[in-house]
Amino acid sequence: MGKNEIKLRRHLDPADILRYHNYPDLMKRHERSKRLKRVVRFFTFSLIVTVIVLLFLIIVSYLWFGVKKRSEELKERKPEVIQSVKR
Amino acid sequence: MSDDEIRQEYEVLDQSKKEVKAFGVLYEKYFDRIFRFIYRQTDDEELTADLCSQTFLIAMNNVGKYEFRGVPVSAWFYKIAGNEVNKYYRKRNTAKVFSLEEARVRELIAQENEDYDEERLFKLVEYMKDLPTDMIEVLQLRFFEGKEFNEIAFILEMTESGAKMRTYRALDRLRTKFNLTIKYDGKE
């Protein structure tokens, strides 16, 4: 079974339709949506760049702290090695 | 519409990819038809005006993506308009309204030399209510918009043979309901 409503009506007068013609308004809306698209694209691009930079910084700092920690561990071990050699 | 006319229209559309003001020619040419097409599916002038304006805005915003596929540019507008109408009904979750020109329905019946009477007309309307939405859509495009099957196929995103099949099935259903004869092509 269909679930649509079917109506019969008179023919639409072209003058009635003419009232709704508004090309200048359409152009304005188009310009607005173009501007909005540009802004969204800019923010998306900025967001992606920020995320990439943050990830880069996190990775670099992780590696840097890792290297630093290892060198500190080595420094702590060195005296023991020297002492054992002296004995 | 001849192939040359289709090409010429496409050139206008192609031009509007560089200079969006050129789109105005197509807007003026097709506004009325798209308005009537939407109005036939809403029966509300204000809503039709909104959806029609939205249709042309979407077309304007996506003019750069349009690819020539051998059908008139208007088929693309019909496709967008149909999608906008469907989107509206999906959001509202209400029954779709088809508001048909009585004069055109009379014409279609008269074309078949049927003895026209009010009862026949109202029966037809009642039987059409039982048809699924997709069948009413093809009937609308074929008999009220006078579209070729390849255009209907493009608008409804189906194959040409699928569009023909759906139209014939819809007409067959109406025929079996009461002995009404409508020509498959809807023309004399």
Side-chain angles (χ1 to χ4, degrees), chain A residues 1-70, chain B residues 20-21 23-28 31-36 38-43 45-46 48-50 52-61 63 89 94-106 118 121-122 124-137 139-140 173:
Chain A
M1 280 288 279
K3 53 179 170 55
N4 304 300
E5 196 182 329
I6 311 278
K7 287 180 180 175
L8 290 176
R9 60 167 168 84
R10 63 172 181 82
H11 199 70
L12 256 183
D13 188 5
D16 287 339
I17 301 176
L18 201 66
R19 284 191 297 134
Y20 298 106
H21 275 236
N22 198 346
Y23 191 62
D25 179 60
L26 188 75
M27 283 290 287
K28 267 186 209 164
R29 287 178 64 191
H30 171 67
E31 289 301 324
R32 217 179 304 145
S33 67
K34 239 168 80 177
R35 233 176 294 137
L36 185 75
K37 231 184 230 177
R38 234 178 283 145
V39 170
V40 168
R41 206 178 297 156
F42 173 76
F43 273 106
T44 313
F45 181 74
S46 311
L47 192 75
I48 291 169
V49 168
T50 312
V51 168
I52 289 171
V53 167
L54 276 175
L55 277 173
F56 178 76
L57 286 176
I58 288 168
I59 291 166
V60 165
S61 59
Y62 179 78
L63 290 173
W64 188 75
F65 277 115
V67 168
K68 203 179 167 188
K69 205 178 168 187
R70 211 174 284 168
Chain B
V20 83
K21 277 180 186 166
F23 191 84
V25 179
L26 297 170
Y27 177 87
E28 292 302 332
F31 187 89
D32 282 30
R33 272 181 254 182
I34 298 298
F35 192 95
R36 285 177 202 282
I38 298 173
Y39 188 67
R40 224 174 269 128
Q41 297 177 71
T42 57
D43 198 38
E45 270 189 36
E46 295 299 324
T48 302
D50 283 350
C52 195
S53 153
Q54 187 62 19
T55 298
F56 282 101
L57 181 68
I58 291 171
M60 223 178 189
N61 288 345
V63 82
Y89 279 108
T94 54
K96 201 167 178 176
V97 177
F98 285 94
S99 150
L100 309 173
E101 293 95 328
E102 193 176 329
R104 179 65 185 142
V105 179
R106 283 171 199 250
E118 290 295 314
L121 183 71
F122 290 114
L124 177 65
V125 170
E126 281 306 309
Y127 294 152
M128 279 185 81
K129 281 181 188 172
D130 292 337
L131 290 180
T133 311
D134 54 2
M135 282 191 177
I136 305 176
E137 278 171 355
L139 292 181
Q140 185 202 0
R173 275 207 196 185

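Sequence lines set the chain letters: A, B, ... in the order given, protein chains first and strands last, and positions in each chain run from 1. As the structure is a prediction and not an experimental result, all values here were calculated from the model.
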**Message:** Is the ring pair Phe35(B)/Tyr39(B) parallel, tilted or perpendicular, if the boundaries are 30 and 60 degrees?
**Reply:** parallel
**Winner by heavy-atom pair count (cut-off under 4.5 Å) against chain B, out of Asp16(A), Ile17(A), Asp25(A)** = Ile17(A)
**Asked** With under 30° as parallel and over 60° as perpendicular, where do the rings of Phe31(B) and Phe56(B) fit, or are they tilted in between?
**Response** parallel
**Message:** Under 4.5 Å from any heavy atom of chain B, what part of Lys34(A) do you find: side chain, backbone, both or neither?
**Reply:** neither
**Request:** Would you mind checking if Glu101(B) and Arg9(A) are paired as a salt bridge, meaning a charged N to carboxylate O distance below 4.0 Å?
**Result:** yes
**Request:** Find the one option among Gly24(B), Ala103(B), Ser99(B), Ala49(B) whose heavy-atom pairs under 4.5 Å with chain A are most numerous.
**Result:** Ser99(B)
**chain A contact via Glu126(B) - which portion, at a heavy-atom distance below 4.5 Å** = neither
**Request:** Against chain A, label Asp43(B) side chain, backbone, both or neither, depending on which of its atoms sit under 4.5 Å from a heavy atom there.
**Result:** side chain
**NZ/NE/NH1/NH2 to OD/OE distance under 4.0 Å, Glu31(A) and Arg35(A)** = no
**Request:** Step through the shown structure and confirm whether more than 12 heavy atoms of other residues, nucleotides or ligands are within 6.0 Å of CZ on Arg19(A).
**Result:** yes
**Prompt:** Side chain, backbone, both or neither: which part of Phe23(B) has a non-hydrogen atom closer than 4.5 Å to chain A?
**Reply:** both
